[in-house]
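A short worksheet on the structure shown next.
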Number of protein chains: 2
Amino acid sequence: MSRRAATAPVDPSSGPPSVPPTAAAGRRRREHTRTRLLDAAVRVFAEHGLGGVTVDSLTKAAGFSRGAFYSNFSTIDEVFLAVVDRQSRDLLASARTAIESLPESDFTLESIGAILGTITPSDRAWFLLHEEFTLHALRHEEVRSAYVATEQAVRSEVDEVLGAALTRLGRRPALPLTQISETLVALYLHGLGTEHLGVGGISLDTVLGEVLPRVLLGLSEPL
Amino acid sequence: MSRRAATAPVDPSSGPPSVPPTAAAGRRRREHTRTRLLDAAVRVFAEHGLGGVTVDSLTKAAGFSRGAFYSNFSTIDEVFLAVVDRQSRDLLASARTAIESLPESDFTLESIGAILGTITPSDRAWFLLHEEFTLHALRHEEVRSAYVATEQAVRSEVDEVLGAALTRLGRRPALPLTQISETLVALYLHGLGTEHLGVGGISLDTVLGEVLPRVLLGLSEPL
DNA sequence: CGTATTCGATACATTAATGTATCGAGCATG
DNA sequence: CATGCTCGATACATTAATGTATCGAATACG
């Protein structure tokens, strides 16, 4: 055992559960590896933040070794950007799905909160990553515009849903729709934060169920 | 020049401008050093995040060398906590000041936004640090409760101001006051974020001047 | 089947970061 | 004014992290 020891991935059981560990043996190997690395990256970034991650921690979490990493990426920042990209895509897809599944009738201000809850996954990692992205964008001029563009794409989806919802409720915006959407997003994200922090007395449900409807009422008026 | 070279701080001109560089020569030296380290830490943490900071970067930014650091702290995390502590104190102090300077009359919903703007400094570093704190608290169980306690202290100040303001305006909360405060904070922080990100179409002023008053109107009712 | 190629595992050299130990200048106290 | 002590500068040893170079197994292709 002088040099080569084991060829198989270190320990498949520590890999991400989302992707079938040994999926379809004869598959495009590289793509699979990339995916597993990104999956692991989500977890590791969420847990330690962009600055607290090493190549080792990343590859170990994915069940690979340094070789796999440098074969697929050249820097941790690159991985981070790839993760951002993927998350954004997923988010937009969810948003579109949510639009399409808008209930035709039986629709109240309260249900907007519920819909919002389905647009983005409300798990811890998603939120942590979103915060991390924001921070990164705030710090690094060079990725800022890309990030902002993505956020704005999501906002325009929100605009769309919200505009439709208000109309359906027989109300119209008392302020530019964008500003109402922004308020919506602010409340949702802040609610997520307090929820995860476990701040006493306020829960996401309260925010979405009690506060949001009233706010929307205040920001709109009868047709 | 075998071992000892220069005794004076590397380069005082690179130090923080906030504290008189060679203030009162015969002063408590240690305290001064600590302060300068913390001042530098604010800048460095804001710029690189907790995970992107090394002892060297910190001490260099403060114009000291490693020795000063290890003499005052034993780990970067400790510095971070000290910074959090100091920022919180400052924030609370600002909040109290804002309360005391509440204008007696000539008071409208719009002026609440203006007051809010004076409670927290709206500079970039403050916001970046706040985000970083939140993230840190979300990740580290052991500091979470302390962080939450601080946040809640601030919230209760906000509650106080807001309650007084509404009363003075002849209105009363339509929802538990806490929830309204939380909404206020959500809008303010989110507004800060979009402001610093340079998201087009929405500015902090708009949020505080246009959106906030209407929201407060919607969340309260005439006495 | 055999051969070329791709991908990821491992080893190694290099650089960065840490923590400790030592030293001397300045300040305070007697 | 001398003596002790505190604090911060520097050097050094150690550990962590990086990036590159090499190799072999699996896959694709003929």
Side-chain angles (χ1 to χ4, degrees), chain A residues 1-12 14-15 19 21-41 44 48-80, chain B residues 1-12 14-15 19 21-41 44 48-80:
Chain A
M1 200 212 277
S2 67
R3 188 105 182 272
R4 187 67 3 81
T7 293
V10 179
D11 175 16
S14 74
V19 168
T22 326
R27 263 311 215 55
R28 281 265 177 290
R29 185 162 58 136
R30 191 181 189 74
E31 190 178 344
H32 182 232
T33 306
R34 234 187 102 94
T35 306
R36 300 228 323 184
L37 280 173
L38 290 184
D39 289 344
V44 179
H48 301 291
L50 177 50
V53 168
T54 69
V55 174
D56 272 329
S57 68
L58 239 160
T59 52
K60 217 154 283 172
F64 289 107
S65 65
R66 305 175 62 66
F69 177 89
Y70 282 108
S71 165
N72 283 279
F73 303 94
S74 56
T75 146
I76 290 193
D77 256 69
E78 201 179 310
V79 178
F80 185 72
Chain B
M1 200 214 274
S2 65
R3 189 102 183 274
R4 186 70 357 85
T7 293
V10 178
D11 177 18
S14 73
V19 168
T22 326
R27 263 312 212 60
R28 281 264 176 291
R29 184 163 57 137
R30 190 178 191 75
E31 190 178 343
H32 181 233
T33 307
R34 235 187 101 94
T35 305
R36 299 228 325 184
L37 280 173
L38 290 184
D39 289 344
V44 178
H48 302 289
L50 178 51
V53 168
T54 69
V55 174
D56 272 329
S57 67
L58 238 159
T59 52
K60 216 154 283 174
F64 290 107
S65 65
R66 305 175 61 67
F69 177 88
Y70 283 108
S71 165
N72 283 278
F73 304 94
S74 55
T75 147
I76 291 192
D77 256 68
E78 202 179 308
V79 178
F80 185 71

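So that the names make sense, note that chain A is the first sequence line, chain B the second, and so on, each numbered from 1.
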Exercise. Between atom CD in A:Glu78 and atom P in D:dG19, what is the gap in whole Å?
Worked result: 11 Å
Problem set entry | Side-chain-base donor-acceptor pair under 3.5 Å for B:Arg66 and C:dG19 | yes
For this session: Quickly work out the B:Phe64 CZ to D:dG8 P distance and round it to whole Å.
Result: 6 Å
Problem set entry | Nucleotide C:dG8, atom P - distance to CZ of A:Arg30 in whole Å | 6 Å
Exercise. Is any side-chain heavy atom of B:Phe80 less than 4.5 Å from a side-chain heavy atom of B:Thr75?
Worked result: no
Exercise. How many Å lie between CG on A:Asp56 and P on C:dA16, as a whole number?
Worked result: 18 Å
Problem set entry | Results of side-chain hydrogen bond (donor to acceptor under 3.5 Å, both in side chains) for B:Ser71 - residues two or more places apart only | B:Arg30
Exercise. Quick one: on DNA chain C, does B:Gly67 or B:Ile76 contact a more 5' nucleotide (nearest heavy atom)?
Worked result: B:Ile76
Exercise. To the nearest angstrom, how far is A:Leu58 atom CG from C:dG8 atom P?
Worked result: 15 Å
Exercise. Choosing from C:dG8, D:dA17, D:dG8, which nucleotide comes nearest the side chain of B:Ala68?
Worked result: D:dG8
For this session: Can you tell me the distance, in whole Å, between the OH atom of B:Tyr70 and the P atom of D:dA11?
Result: 17 Å
Exercise. Hey, does B:Asn72 have a side-chain heavy atom less than 4.5 Å from the side chain of B:Val79?
Worked result: no
Exercise. Rounded to the nearest Å, what distance is computed from the NZ atom of residue A:Lys60 to the C1' atom of nucleotide D:dA17?
Worked result: 11 Å
Seminar exercise, completed: When rounded to whole Å, the CD to P distance for the pair B:Glu31 and C:dC27 reads 16 Å
For this session: State whether the side chain of B:Ser57 and the backbone N or O of B:Val53 hold a donor-acceptor pair below 3.5 Å, judged by distance alone.
Result: no
For this session: Using only side-chain N and O atoms of B:Asn72, determine if any of them is under 4.0 Å from OP1 or OP2 of D:dC7.
Result: no
Problem set entry | D:dC7 OP1/OP2 closer than 4.0 Å to side-chain N/O of B:Ser71 | no
Problem set entry | Selection from C:dC7, D:dA9, D:dT18 that lies nearest to any side-chain heavy atom of B:Ser65 | D:dA9
Exercise. To the nearest 0.5 Å, what is the distance between CZ (B:Phe64) and OG1 (B:Thr33)?
Worked result: 4.0 Å
